[in-house]
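Just below is one structure, and these are the notes that go with it.
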Amino acid sequence: MHSGSRDITASLGGDEFAILLPSLADKHDIDRVIGKIRTALHEPFTVHDLPVNVEARLGIALYPTTGSSADLLWQRADIALCAAKELHRSWVVYEPDIDHYDPGRLALIGGLRTALEQNELVLHFQPSIDLGTGRIRGVEALLRWRHPDRGLIYPDEFIPLAERTGLIDALTGWVVASALRQGHDWHSSGVSLDVAVNISVRNLQAPGFCNEILDLARSSGFPLEQLSLEITESAIMADPERARSVLRELYESGIRLSVDDFGTGQSSLAYVRDLPVSTIKIDKSFVIDFKQSRNAAIVSTAIDLGHNLGMTVTAEGVEDEETWRMLRDLGCDVAQGYFFSRPLTVDQLAGWLAESPWGPAPA
């Protein structure tokens, strides 16, 4: 953190920074501040003897017209930043007409930090089944928020907010650490399960992400080769070169990688081919409607493609026996879905492992 006389500049993590200007007189002074920032970033930075150009987007919130509390100013500056990115503008000052967030979503943004601090987060685990053996191969760790007022909140409601406010790194760190700790507990009790964790595009862009993951994995005692990180196609395509570099480092450490939601993104076969990926996961939208000839063709092609590239293929969204049997006949390696099990708490999974026909083979 850097502080001048009263002005403060702080790193929020990743590629986001906050600037607090208590002495800013009024809205007309913004142009002068923006000019200074743009001038400072105008010349390329030199990294390892290579020039790197930096482009900045700014979201601005003013006291007291935009908000009278620090939380509200923070939230609305973030909304203005999102608008600047979406509109491809250098800067945007918060105005009510750009605010598409209802009060409930704003409350969630403010509550995420509290959720981390107050132990309101919990992991559920969904089994994945080896179609060759008919037994569990591993589990996917799925984040849930036990909100004190709203009950259980699912990640599609708060993860996008975490990505926009810079909290995604802390959330991902919590998920990875918790999943590794649970995987180690299973391993120590004689139950050997692979553990998969989802990571975000923002994680791939954050400096130090690899080191953080490797430190967590090595300190947990959980076998690196049984940890899998799942990345969506859209996360890869956001910055393919950066993704390739980060994923290569993780792969060379022994961690396995998979492309999630395969078939819904915009990645080319060349990118998938050149990435150190061991698994592709066919998106459930194709598998749920598998009986439609078009979807069946897509699934069959994805299975052949994965195998030709030397990858394991997992199908998500298996909800009935017919789909399971058809996937098995097509040579799909692994399947996941409500036909086998919904996501379960740790205690529920223990019961499922003991009673389900898909559980581990008897010793």
Do you know which two heavy atoms are closest between [X] and [Y], and how far apart they sit?
X	Y	result
Leu193	Phe222	O-CZ, 3.5 Å
His307	Gly331	CE1-O, 3.0 Å
Ala80	Val92	CB-O, 3.4 Å
Val287	Glu316	CB-O, 3.0 Å
Gly317	Lys284	CA-CB, 3.6 Å
Tyr94	Thr66	CD2-CG2, 3.6 Å

Are any side-chain N or O atoms of [X] and backbone N or O atoms of [Y], one a donor and one an acceptor, separated by less than 3.5 Å?
X	Y	value
Arg76	Ala61	no
Thr172	Asp169	no
Ser278	Leu257	yes
Arg135	Pro357	yes
Ser128	Gly138	yes
Thr323	Glu319	no

If we only count heavy atoms from C-beta on, is the [X] to [Y] side-chain gap below 4.5 Å?
X	Y	answer
Glu249	Asn211	yes
Leu131	Trp324	yes
Leu121	Leu171	yes
Val346	Asp185	no
Pro127	Trp352	yes

For a side-chain contact (heavy atoms from CB on, under 4.5 Å) check, start with the C-alpha distance between Glu230 and Asp261, then their side-chain angles and the critical distance, and finish with the verdict. CA-CA 9 Å; Glu230 299 188 357; Asp261 300 339; over 6 Å; no

When you group the ILVMFWY residues by side-chain heavy-atom contacts below 4.5 Å and let the links chain together, are [Y] and [X] in the same group?
X	Y	value
Ile288	Val313	no
Ile255	Ile231	yes
Met311	Val334	no
Leu167	Leu216	yes
Trp358	Leu142	no

Nearest 0.5 Å please: distance from the [atom1] atom of [X] over to the [atom2] atom of [Y].
X	Y	atom1	atom2	result
Met326	Asp329	CE	CG	8.5 Å
Leu275	Tyr251	CG	OH	12.0 Å
Ile136	Asp130	CD1	CG	11.0 Å
Leu143	Asp156	CG	CG	11.0 Å
Trp174	Asn119	CH2	CG	7.0 Å
Ile282	Cys332	CD1	SG	5.5 Å

Pairs meeting criterion ring-ring contact (aromatic ring centres under 6.0 Å, His included) with involvement of residues 115-135, two or more places apart: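 Sorted pair list: Phe125-Trp186.
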
Within a 6.0 Å radius of atom CZ on Phe339, are there more than 12 heavy atoms belonging to other residues, nucleotides or ligands? yes

Scan for side chain to side chain donor-acceptor pair (under 3.5 Å) pairs involving residues 138-149, sequence neighbours excluded, and state none if there are none. Glu120-Trp145, Glu140-Asn198, Glu140-Lys281, Glu140-Gln336

Would you say the side-chain atoms of Thr345 and Asp347 include a donor-acceptor pair closer than 3.5 Å?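 Side-chain D/A pair, Thr345 to Asp347: absent.
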
Which residue, Asp304, Ile298, Ile303, forms the side-chain contact (heavy atoms from CB on, under 4.5 Å) with Ser300?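 Looking at Asp304, Ile298, Ile303, the match for Ser300 under the side-chain contact (heavy atoms from CB on, under 4.5 Å) is Asp304.
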
Show the numbers, then the answer: is there a side-chain contact (heavy atoms from CB on, under 4.5 Å) between Ile168 and Ile159? CA-CA 7 Å; Ile168 191 64; Ile159 288 297; 4.1 Å; yes

Charged N to carboxylate O under 4.0 angstrom, Glu321 versus Arg325? yes

Which residues share a side chain to side chain contact (heavy atoms under 4.5 Å, CB included) with Asp194, sequence neighbours left out: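 Partners of Asp194 by the side chain to side chain contact (heavy atoms under 4.5 Å, CB included) criterion, ordered by chain and then number, come out as Arg137, Gln226, Arg256.
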
